[in-house]
Amino acid sequence: MINFKEKISEELEQIINISKKELETYIETPKDTKNGDYSFPCFRLAKELKKAPQIIANEIKEKINLENTGIEKVEVIGGFLNFFINKKVLIKEVLEGFEKQEYKDLKIGEGKNIVIDYSAPNIAKPFHIGHLRSTVIGGALSNIYKFLGYNVTGVNHLGDYGTQFGKLIEGYKLWGDEYDIDKDPINELTKIYIRINNLCKEDEKILEDCRNNFKKLEDGDSYCVEIWNRFKEVSLKEFQRVYDLLGSKFESWNGEAFYADKMQEVVELLEKSGKLVESQGAKVVDLADQGIDTPCIIIKSNGSSTYATRDLAAILYRARTYDFDKAIYVTSYEQILHFKQIFATAKYLGLDEKYTNGLIHVPFGMVLLPTGKMSTREGTSIKLEDLLNEAIERAKKIIEDKNPELEDKDLIAKKVGVGAVIFNDLSNNRVKDEIFDWDTILNFQGETGPYVQYTYVRTQSILRKAENVPSFRDVNIEKIDDNYSVNILKLIYDFEDILVEVTKKEEPSILSRYLIDLAKAFSNFYNENKIIGEEKEIENARLYLTKVVGEILKTGASLLGIEMPNKM
Ligand code: ARG
């Protein structure tokens, strides 16, 4: 497909003394189509050229040669040059490109390695709603990077290490028989944990035993390791049920424990760099000169390593093993300081700048119930598996009301219910807190997952009704000229750009918003245009467009982790 922005930049380069690559980054997409399809703001040039932006814009307009660009018109408004695409060129480009399935064959990321650290629940603790957001956002990013041709390693950095396991082992030793761990692993282990924690507060001797257990675990004591493995196994089995519902898959399950024997090197490297200092019995890296007030604790005063130490070992390991261009971490914004600290400390590990510059924290907001924050302490925590199952049940009720005759209701309800939860998680800017409200999430008319699915289903039912679905050869491009169709084609043209935008900002909501826009554009097209029963050439063109929209909606949704039903 023609890259209009590139074409415009090439022509601008002839006039302005700036490289076309840079010029391309100046080009914006106006919110209002009456300001054209692309606009070039001249404000940045004003200072250097010592002229008013509007004058510069007019001068460029006089000089620019748009003959082979696919642009048919340029207008000056204020300090902007507004470019208008030739609609015939657009239509032909998009449909021809689609015919060749060019949108699936993207090589933008070829040769680049991306590590995405996401989900990462903690063993023997509930998989909570924050982990759901991480799983969904990380999963979407992983899919999108892969689609663009990057080599992606999704890592589930499980919380399976730390002194709490010493306690849990002790509790298990004392009362393991009293609890039905196989039946309800995480709940039962949580009960044991709370009980042993209380006992530790009263009994110094027990606390000592717990510490010893952790030490033994670290030293590979077979009994402790065996129990710890069991905790891990039963927890993972429970987590897996959530992953199955969401369709989540990871390339690596190396959790914190994996780095147990790799932390010594971190300590040595930091010592060598001269940055590791004693502070109240602990070993810390002072980060004040990097503008971070809180030092990064590497070894606690009791000699044990920390969450940060393990993350530093993971950075070393990932740099060496995956040679990453970007290492992305998806967690709630509560961990912003933690990642600032470890990214700053990582600069003292002697790694190539390529790696330290490639570290990216992708924080997201809290999930709020209409009544306030969800948290374990206030008892408002919801078990994720229950939440997903409730979504499925609610979806099923709606489907039963709307379409009682439908076959495969259970499967469809699963796609709709789970899709609704996923879409909700991805539909707003990720750092914003999100309000979890069933009625909004499942509203078929709202800006929701079910709305996108419903629009897709509509495209499929139109295609089923058609006698035969035309292929590109049957389409007379001249017959596509109404604004509704052009709007759709413009959106289809943008698909690749949207995906690239997602990876620039690590923001999957850009794709969710796009799918809503595309679904709305299709609804307008459908409401205003007759499709079947029109004059054959028009019918063919519109059917073909319907097919294209369906395919892009389905592809886009699947990148977000949402499955499409064929009927609903
Ligand atoms: N297990 C952590 C938690 O539940 C998240 C881990 C995120 N990844 C990392 N490399 N620190 O808060």
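The structure presented is a predicted model; accordingly, all values stated were derived computationally and were not measured. Counting starts at 1 for both ligands and their atoms, in listed order.
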Completion exercise
Restricting to heavy atoms, the pick from Tyr329, Tyr307, Tyr118 nearest atom 7 (C) of ligand 1 would be Tyr307

Practice task
Examine the proximity of ligand 1 to Leu158 and report which part, side chain or backbone, both or neither, has a heavy atom under 4.0 Å away.
Solution key: neither

Problem - Note: Glu501-Arg513 ion pair, threshold 4.0 Å (strictly below) - result: no

Practice task
Going by heavy-atom distance to atom 8 (N) of ligand 1, choose the closest among Ile342, Asp311, Val155, Asp117.
Solution key: Asp117

Fill in the blank from the handout: Counting heavy atoms under 4.0 Å, the part of Tyr161 that contacts ligand 1 is neither

Exercise for the section: May I ask you to identify the nearest protein heavy atom to atom 12 (O) of ligand 1, giving residue, atom name and distance to one decimal place in Å? Expected result: Gln335 NE2, 2.9 Å

Exercise for the section: For the pair Asp160 and Lys232, find out whether any cationic side-chain nitrogen is under 4.0 Å from an anionic carboxylate oxygen. Expected result: yes

Handout entry: Check ion pair Asp209-Lys173 (N to O, under 4.0 angstrom)
Key = no

Handout entry: Nitrogen or oxygen of Pro121 less than 3.5 angstrom from that of ligand 1
Key = no

Practice task
Measure centre to centre between the rings of His338 and Tyr307, then say whether the value is under 6.0 Å.
Solution key: yes

Completion exercise
Counting from 1 in the order shown, the ligand 1 atoms closer than 4.0 Å to a non-hydrogen atom of Thr331 are 7 (C)

Exercise for the section: For Phe339, take its heavy atoms, then give the atoms of ligand 1 lying under 4.0 Å from any of them. Expected result: 9 (C), 11 (N)

Problem - Aromatic plane relationship, Tyr514 with Phe495 - under 30° parallel, 30 to 60° tilted, over 60° perpendicular - result: tilted

Problem - Result of checking Phe250, Tyr329, Tyr243 against Tyr118 for ring pair (Phe, Tyr, Trp, His ring centres under 6.0 Å) - result: Phe250

Problem - Close-contact set for ligand 1 against Asn122 heavy atoms, below 4.0 Å - result: 1 (N), 2 (C), 3 (C), 4 (O)

Practice task
Run the contact test for His131 against ligand 1 with a 4.0 Å cut-off on heavy atoms, strictly below, and give the result.
Solution key: yes

Practice task
Step through the shown structure and confirm whether more than 12 heavy atoms of other residues, nucleotides or ligands are within 6.0 Å of CD on Gln240.
Solution key: yes

